Novice: 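Attaching a single structure in structure tokens format; questions to follow.
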Amino acid sequence: MSTILQRSHTTMADLGARHGYYSSGVIEELFPPGLTLLPQCSQIYELDLALAEFKMLGVEGLVPRSAYFHTVDGVETHHYRICTKTPNQVDEAASIDRKNFFASNLFSVGYATHGLYPYRGKFHPQMIKGIFNAIGLKKGETVLDPMCGSGTTLVEASILGIRSIGIDQNPFAAFMASAKLAGLTLDAKPFPQLLSSLDQVFDYFDQAKPDRTEGGLTFAAKAVTKKTVREALETQTGLRRLVGLAYLDAVGYAARRVNKTPRDLFGVVLGRYLEAVRCFGESRAELGLRPAAGKVVHDDIRTAKLKAESVDAVVFSPPYSFALDYIENDRPQIEYLGYEVDVLREATIGVRGGEGSNEATRIQARVERYFEDMDVVMRQSAHVLAPGRCCVVVIGSNTSQTRGIRLEERVIASAASYGLQKFKHIVREIEGIRNTLKDEHILFFVKE
Ligand SMILES: C[S@@+](CC[C@H](N)C(=O)[O-])C[C@H]1O[C@@H](n2cnc3c(N)ncnc32)[C@H](O)[C@@H]1O
């Protein structure tokens, strides 16, 4: 047992007790001395996950794996070191709200390659790490995210040496997830040259033509005259995806800015991406990390062919707003990749359906279709998961859209009908949008 566990509680507590006062606090009651939490770990769900990881990993396992601890007996955790090494992810021109958001979420959101591309409805990566720890997922095991979006589950798993599979029916999400995953292992050597040929690199992507082959595109190789740059882009799929994501980010960013074109913004965005990747590369070397392989598949989870009992965990967050057309939001990027938004919409859970004469009836129709779809997702999750292992679903309910129906209750019922029994339920309060979405539920199921 670690020396930390054998040590008695603080002398401050002893002093208080001697005088008849209770001086201990929640943190002191939960954890032995010698463990310090990260400064921004303050919500109850975070303490819940911190406690779960402490119980599951033991003190010895916290330094390389923990998501919520700062130090263990004075030694900084890998999470703390990776986050503090991450460069500023926000451009000078960004709004003050966006700057504040990143500053106050240093340990939860923007580290490693997670901060690249502002994807809507993304997981808090720190929470995913906490969840992996709470369900005892080990190095070399495999996690599936059947609705992987921007790839948070995959990136987080890879950093911890856990293998991963991500599925998403949005080809742009799949593209983004594979680019972020690739960024974890890229060699930074070609970066300065890429930045010195910005215009040509921009043209390489801007003049690309969809052809549905790898990534769906044929790139304009002739636009790049510098041989080393052209070769790096042509031969390194991961690098090409990362730079391509920066190009698509610049396209989206320009649409939100007045008097700026994607070309104007490409240099700033690419510079930020490459710096994030370079810094993570330094953390990787310093901490001896060996990111595990991840696989991203563009597919519809309802019909995807999955091998029975082939993964050690399933972790995901389904869409849960019925007012937003997520797929429409990504139209320029989806069309760039050569896909049709209207066809994809038919497979997008939460967006599909919606027949009706007014907005309220359309939303009701979507909600009903949603429950049918989510039942299939839970069946697929139960099928692919090994017995005794966990499926974790993060979901919220906008009850004004669903007329009081709570999505998590229906998901829990579906899960139970396929042998996934709920054994833990953490509620995460949502700040900022409490009038529409009060909380998010982290549902832990075990396969019987
Ligand atoms: C809330 S987002 C997930 C975000 C993700 N956890 C992240 O961190 O980026 C839900 C995802 O479900 C995907 N989705 C919707 N219908 C799907 C389907 N039929 N098959 C697979 N993925 C689907 C959407 O494209 C979207 O990316």
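All ligand and atom numbering here is 1-based and tracks the order in the structure. Here, residue 1 is the first one in the sequence, and each next residue gets the next number. These figures come from a predicted structure and were not determined experimentally.
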Novice: Within this structure, what is the OG1-CZ distance for the pair Thr361 and Arg366, rounded to the nearest 0.5 Å?
Specialist: 10.0 Å
Novice: In the protein, what heavy atom is nearest to atom 8 (O) of ligand 1, and what distance, to one decimal place, separates them?
Specialist: Thr152 OG1, 2.6 Å
Novice: Between Glu234 and Tyr204, is the side-chain hydrogen bond (donor to acceptor under 3.5 Å, both in side chains) condition met? List the steps.
Specialist: CA-CA 10 Å; Glu234 290 282 283; Tyr204 178 87; 2.5 Å; yes
Novice: Which residue owns the protein heavy atom closest to atom 2 (S) of ligand 1, what's the atom, and how far is it?
Specialist: Ser317 O, 3.9 Å
Novice: Does NZ in Lys260 sit with more than 12 non-hydrogen atoms of other residues, nucleotides or ligands closer than 6.0 Å?
Specialist: no
Novice: Count the heavy atoms belonging to other residues, nucleotides or ligands that lie under 6.0 Å from CZ of Arg163, then report whether that count exceeds 12.
Specialist: no
Novice: So if I count the atoms of ligand 1 from 1 in the order they appear, which ones are less than 4.0 Å from some heavy atom of Ile349?
Specialist: 15 (C), 16 (N), 19 (N)
Novice: So, Tyr68 and Asn133: side-chain donor and acceptor under 3.5 Å apart, yes or no?
Specialist: no
Novice: Taking the six-membered ring for Trp, are His114 and Tyr111 parallel (under 30°), tilted (30 to 60°) or perpendicular (over 60°)?
Specialist: perpendicular
Novice: How does Ser150 reach ligand 1, by side chain, by backbone, by both or by neither, if only non-hydrogen atoms under 4.0 Å count?
Specialist: both
Novice: Is the contact between Cys148 and ligand 1 made by the side chain, the backbone, both, or neither, using heavy atoms and a 4.0 Å cut-off?
Specialist: backbone
Novice: For atom 12 (O) of ligand 1, what is the nearest protein heavy atom, given as residue, atom name and distance?
Specialist: Met147 CB, 3.4 Å
Novice: Quick one: do Asp439 and Arg406 satisfy salt bridge (charged side-chain N to carboxylate O under 4.0 Å, His left out)? Show the steps, please.
Specialist: CA-CA 11 Å; Asp439 44 40; Arg406 301 215 55 104; 3.4 Å; yes
Novice: Do Tyr339 and His298 have their ring centres less than 6.0 Å from each other?
Specialist: yes
Novice: Report, in ascending order of atom number, the atoms of ligand 1 lying under 4.0 Å from any heavy atom of Asn170.
Specialist: 25 (O)
Novice: What protein heavy atom lies closest to atom 20 (N) of ligand 1? Include the residue and the distance to one decimal.
Specialist: Ile301 N, 3.0 Å
Novice: Under a 4.0 angstrom heavy-atom cut-off, which atoms of ligand 1 come close to Lys122?
Specialist: 7 (C), 8 (O), 9 (O)
Novice: Using the rule given for side-chain contact (heavy atoms from CB on, under 4.5 Å), can you reason through Ile301 versus Leu306, listing the C-alpha separation, both sets of side-chain angles and the distance that settles it, and then say yes or no?
Specialist: CA-CA 9 Å; Ile301 181 57; Leu306 305 170; 3.8 Å; yes
Novice: Output the list of atoms in ligand 1 that are nearer than 4.0 Å to some heavy atom of Ala347, sorted by atom number.
Specialist: 16 (N), 17 (C), 18 (C), 19 (N)
Novice: Taking non-hydrogen atoms only, is Asp299 closer than 4.0 angstrom to ligand 1 via side chain, backbone, both or neither?
Specialist: backbone
Novice: Compute the shortest N/O to N/O distance between Thr348 and ligand 1 and return yes if it is under 3.5 Å, no if not.
Specialist: no
Novice: Checking Asp206 against Tyr247: is there a side-chain donor and acceptor pair closer than 3.5 Å?
Specialist: yes
Novice: Tell me which one of Val155, Asp145, Asp168 gets a heavy atom nearest to atom 24 (C) of ligand 1.
Specialist: Asp168
Novice: Could you check which of Lys180, Gln380, Arg345, Gln169 puts a non-hydrogen atom nearest to atom 21 (C) of ligand 1?
Specialist: Gln169
Novice: Which ligand 1 atoms does Pro146 reach within 4.0 Å, using its non-hydrogen atoms?
Specialist: 21 (C), 22 (N)
Novice: Salt bridge (charged side-chain N to carboxylate O under 4.0 Å, His left out), that's the test. Do Arg263 and Asp203 meet it? Break it down for me.
Specialist: CA-CA 9 Å; Arg263 192 183 290 274; Asp203 288 337; 2.6 Å; yes
Novice: Do me a favour and list the nearest non-hydrogen protein atom to atom 4 (C) of ligand 1 with residue, atom name and distance?
Specialist: Gly121 O, 3.4 Å
Novice: Enumerate the atoms of ligand 1 whose separation from the nearest heavy atom of Phe123 is less than 4.0 angstrom.
Specialist: 6 (N), 7 (C), 8 (O)
